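The structure appears right after this line, and notes come after that.
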Number of protein chains: 2
Amino acid sequence: MATMTDVARRAGVSVSTVSYVLTGTRPISEATRERVLAAMAELDYQPNAMARGLASRRSNIVGLLLPLTGRGLGATETAFVTGATEAARQAGYHLMLCSVGTDDSDELQTLATQRLLDGFLVMEVQLTDRRVDLLRKLQVPFVLIGRTEDADGLACVDIDFEQTVDDAVAHLVGLGHRTLAYVNHSEASLASGYGPARRTAAAFEAAVRRHGVEGLMVPSDDTATSGRQAIRRAREQSPELTGVLVMNENAALGILTELRETGLDVPGDVSVVSMVTSEVVADLASPALTAMTSPGAALGAAATRALLKRVGEHDTSTYQELLPCVLEIRGTSAEARKH
Amino acid sequence: MATMTDVARRAGVSVSTVSYVLTGTRPISEATRERVLAAMAELDYQPNAMARGLASRRSNIVGLLLPLTGRGLGATETAFVTGATEAARQAGYHLMLCSVGTDDSDELQTLATQRLLDGFLVMEVQLTDRRVDLLRKLQVPFVLIGRTEDADGLACVDIDFEQTVDDAVAHLVGLGHRTLAYVNHSEASLASGYGPARRTAAAFEAAVRRHGVEGLMVPSDDTATSGRQAIRRAREQSPELTGVLVMNENAALGILTELRETGLDVPGDVSVVSMVTSEVVADLASPALTAMTSPGAALGAAATRALLKRVGEHDTSTYQELLPCVLEIRGTSAEARKH
DNA sequence: ACGCTTCGTCGAAACGCTTCGACAAAAGCT
DNA sequence: AGCTTTTGTCGAAGCGTTTCGACGAAGCGT
């Protein structure tokens, strides 16, 4: 393995000159630059990442804080990770997966103090999140995927839930539906103050009022079975219901099954719009789900860019970027039946 | 940020003594060890990962070579990643996600030569894989998830496809099915020599022969639509077909839809067993899919353990570990109809 | 009491890079 | 022409560890 000293000797310059060629920190004449580059090529030189990191106090690695609960990642999260990895790579950075629980402060502190990582991308952000306080105290650059209660002084990238819900409701109302149900996340997450659940709940209420239609919200777990129960409950409470907005994918599929088995046609009798849904899952259903496709990869890329900017420029300003899900009309939404 | 020098001064010993306490490389008396540990605690000392890496030529990071194609990761892959991350963490290692294309030798070479990673986990292994040759040439420890054509001298961890197919066929035959179809991966992947496709094809043929039943194989892309076409084709060729084994999840859901719309009952008329399927996806269907659940997390953990062993002990022997998928009987398989 | 090994510790030399101050040489001003 | 900048390069001092050789102090067998 060739080192910088080898390159310097071969090119007949000092090591510092080689370093300047590599980093561009100081001007180097065209002639010697070429000699150095040639020497590197001949020796198959690759800078040693550890040595570089030690000397420059930069690892060029960012950590992705992702509590791996064991139940796996959904398509949205996966897309996010993919997008982030790709964006990091393009900027010459690497992404390290850090499976640290949301409340495992010790583990996170170790990780952040080791000087192995230049910054953090924080996923699965709670409304009040201990990791945020810790990272802030430690003065480590970080960007949240999601938002805390008070986002002041923080950098966040998140789905624009308000816009997304509003677009979905507008779509259904535009098709003539006058009585809507929103199948949200579970009661538990609503109670614990889970951001997306809270925000969409509020947004749904606002949208419904603004459009002057009836709206009913019911909670559901993220399983097909729970989705079936939810839609049954919704139809009991409000039998004239023709438009359904549903937060999570598995519940959405359960709802389709339940409606079909009740003898109702989708989208003939009832229209269903799924939120924050990936294309893959949408196509699993038959007919394919009309859905608000989550901008997973775009979010990941945006978050990474924001983080790298903070790392590079010691930027520490408040920053917020919200991306809406985009409506993909497929087979489960149609004009409301006239009566 | 406290350094080792600070700790040494505080404990009244030399830096090397501190280092020995930390690494256990040389014996240290109980008394000074305690003094050193106390000093560390008082100073909130954390070893600097870069310095340690430079001096010891070990980063304690392993790379996960995962071509992120943009179409996202399935549940099995995700579980794998999760399992690997967790296993690495428990051994004091970290996992770095490396999105490197299967034929991007330059990128991989850079990565491996940088001395940033102690070893590699290689996913999406092709039957003949250029990455394998490169890593071998570079003398970097690595473990494959999957198998190449010639696995001699390599370390591989993979699904035991032969066993899995055999178990699935045995399940269907045990229920009285005498004519089976196997909906495999696409024609293209079969032609390109994709391992799982080839291996399951051979295993299916063998199992069918061994059990003395009829078997037909049809290819399908990994989409619901393609699954529907595949089952239609299979029933044309072999109308008395009552048992279906299907390789990929999306196709499996398509098959259920197609059968239902043809007026056939599952599992009353036809039994369907899905292979290498995660629980989440299995539950999406109604009735839930009887499936061979892939041991994603276990595979990831096994691969990581194997890799760390090689890294630590400069072990370079041939190694192979195969884990079968386990049969989860749910709602899509039942006794064959008597006639 | 004598050498001999074992134990516990120290000092110093790596590890391979970045970065700072210094300094000729070249270039830009009046 | 003389003076100040700017440009291009060098040497050396870190960065915070690990690791190796050395060495005094114990512990052992005889």
Side-chain angles (χ1 to χ4, degrees), chain A residues 1-37 39-40 43-61 92 110 112-118 311-312 314, chain B residues 1-40 43-61 92 110 112-118 311-312:
Chain A
M1 201 100 307
T3 78
M4 226 163 94
T5 314
D6 301 330
V7 175
R9 185 170 10 208
R10 177 137 196 158
V13 298
S14 72
V15 272
S16 46
T17 302
V18 177
S19 175
Y20 293 134
V21 168
L22 230 36
T23 62
T25 332
R26 282 194 187 179
I28 292 289
S29 74
E30 197 49 38
T32 80
R33 148 175 289 113
E34 302 224 315
R35 245 175 329 125
V36 170
L37 257 20
M40 287 183 181
L43 295 173
D44 266 337
Y45 172 73
Q46 274 296 123
N48 178 308
M50 291 286 139
R52 186 190 277 246
L54 176 57
S56 66
R57 295 99 196 292
R58 281 284 181 72
S59 64
N60 276 33
I61 309 178
T110 309
T113 331
Q114 264 183 143
R115 247 96 240 313
L116 176 58
L117 271 9
D118 291 343
V311 169
H314 296 281
Chain B
M1 201 98 312
T3 78
M4 227 163 92
T5 315
D6 301 329
V7 175
R9 184 170 13 210
R10 177 136 198 160
V13 298
S14 73
V15 273
S16 44
T17 301
V18 178
S19 175
Y20 293 134
V21 168
L22 229 37
T23 61
T25 332
R26 282 195 188 179
I28 292 288
S29 74
E30 198 48 39
T32 80
R33 147 174 292 114
E34 302 225 312
R35 247 179 324 128
V36 170
L37 256 20
M40 287 184 183
L43 294 174
D44 265 337
Y45 171 74
Q46 274 297 122
N48 178 308
M50 291 286 137
R52 186 189 277 245
L54 177 57
S56 67
R57 293 99 197 286
R58 278 287 179 73
S59 63
N60 277 33
I61 310 177
T110 309
T113 337
Q114 264 182 144
R115 251 83 241 309
L116 176 59
L117 272 8
D118 291 344
V311 168

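All values reported here derive from a predicted model rather than from experimental measurement. Proteins come first, then strands; the chains are lettered A, B, ... in the order of their sequence lines, and each starts at number 1.
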Note to self: I want to check something: taking the side chain as every heavy atom from C-beta on, are A:M40 and A:L37 in contact at a cut-off of under 4.5 Å?
What the structure shows: yes
Collect all protein-nucleotide pairs involving nucleotides 25-27 of chain D in which both atoms are nitrogen or oxygen and the distance is under 3.5 Å.
none

Under 3.5 Å between N/O atoms: give me all the protein pairs with nucleotides 15-17 of chain D, atom names plus distance.
| residue | atom | partner | partner atom | Å |
| --- | --- | --- | --- | --- |
| D:dT17 | OP1 | B:Y45 | OH | 2.8 |
| D:dT17 | OP1 | B:N48 | N | 3.2 |
| D:dT17 | OP2 | B:M4 | N | 2.7 |
| D:dT17 | O5' | B:Y45 | OH | 3.1 |

Notebook entry, point to check: With respect to the phosphate group of C:dT9, does any side-chain polar atom (N or O) of B:S14 fall under 4.0 Å of OP1 or OP2?
Noted result: no
Check: How does protein reach along nucleotides 20-25 of chain C, written 5' to 3' as B (base within reach of a heavy atom under 4.0 Å), S (only sugar-phosphate), or - (no contact)?
Finding: BBB---
Item checked: Heavy-atom pair with the smallest gap, counting every atom of A:Y45 and A:T3 -> CE1-C, 3.6 Å
Notebook entry, point to check: CG of A:D6 versus P of C:dC15: gap in Å, rounded?
Noted result: 11 Å
Item checked: Beyond-backbone contact of B:R33 with B:Y20, side-chain heavy atoms, under 4.5 angstrom -> no
Item checked: Point-to-point distance, once rounded to the nearest 0.5 Å, from OG of B:S59 to CZ of B:R52 -> 11.5 Å
Notebook entry, point to check: Taking atom types as modelled and ignoring hydrogens, do the side chains of A:T17 and A:S14 form a donor-acceptor contact shorter than 3.5 angstrom?
Noted result: yes
Note to self: Can a donor-acceptor pair be found, under 3.5 Å and without considering hydrogens, that links the side chain of B:S19 to the backbone of B:V15?
What the structure shows: no
Margin query: Using whole Å, what does the distance between atom C1' of nucleotide C:dT9 and atom CZ of B:R9 come to?
Written below: 18 Å
Next item on the list: Go through the structure and list residues passing side-chain contact (heavy atoms from CB on, under 4.5 Å) with A:N60, not counting sequence neighbours.
Entry: A:R58, A:Y93, A:D118
Next item on the list: Indicate, with a heavy-atom threshold strictly under 4.0 Å, whether A:V18 touches base, sugar-phosphate, or nothing.
Entry: nothing
Note to self: What is the distance, to the nearest angstrom, from the CG atom on B:L116 to the P atom on C:dC17?
What the structure shows: 14 Å
Check: When you look for runs of 3 or more Watson-Crick or G-U pairs in a row, both distances below 3.5 Å, which of them include DNA chain D?
Finding: C:3-30 with D:1-28
Margin query: On the nucleotide C:dT9, are OP1 or OP2 found under 4.0 Å from the side-chain N or O atoms that B:S29 carries?
Written below: yes
Next item on the list: Name all residues meeting the side-chain hydrogen bond (donor to acceptor under 3.5 Å, both in side chains) criterion together with B:T23; count only those two or more places apart in sequence or in a different chain, and write none if there are none.
Entry: B:T25
Notebook entry, point to check: For B:R115, what residues pass the salt bridge (Lys or Arg N to Asp or Glu O under 4.0 Å) criterion, not counting sequence neighbours?
Noted result: none
Check: In whole Å, what is the span from the CZ atom of B:R35 to the P atom of C:dG8?
Finding: 14 Å
Note to self: Any side-chain N or O of A:T17 below 4.0 angstrom from OP1/OP2 of D:dC10?
What the structure shows: yes
Checklist line | salt bridge (Lys or Arg N to Asp or Glu O under 4.0 Å) against B:R35, all qualifying residues, sequence neighbours excluded | finding: none
Note to self: Suppose we screen for side-chain hydrogen bond (donor to acceptor under 3.5 Å, both in side chains). Which residues come up paired with A:N48, at least two apart in sequence or across chains?
What the structure shows: none
Item checked: salt bridge (Lys or Arg N to Asp or Glu O under 4.0 Å) partners for A:R9, two or more places apart -> A:D6
Note to self: Could you work out, with side-chain contact (heavy atoms from CB on, under 4.5 Å) as the rule, every residue matching A:A55, not counting sequence neighbours?
What the structure shows: none
Notebook entry, point to check: With A:T110, which residues qualify under side-chain hydrogen bond (donor to acceptor under 3.5 Å, both in side chains), at least two apart?
Noted result: none
Checklist line | Length of the CD-P vector between B:Q114 and C:dG16, whole Å | finding: 15 Å
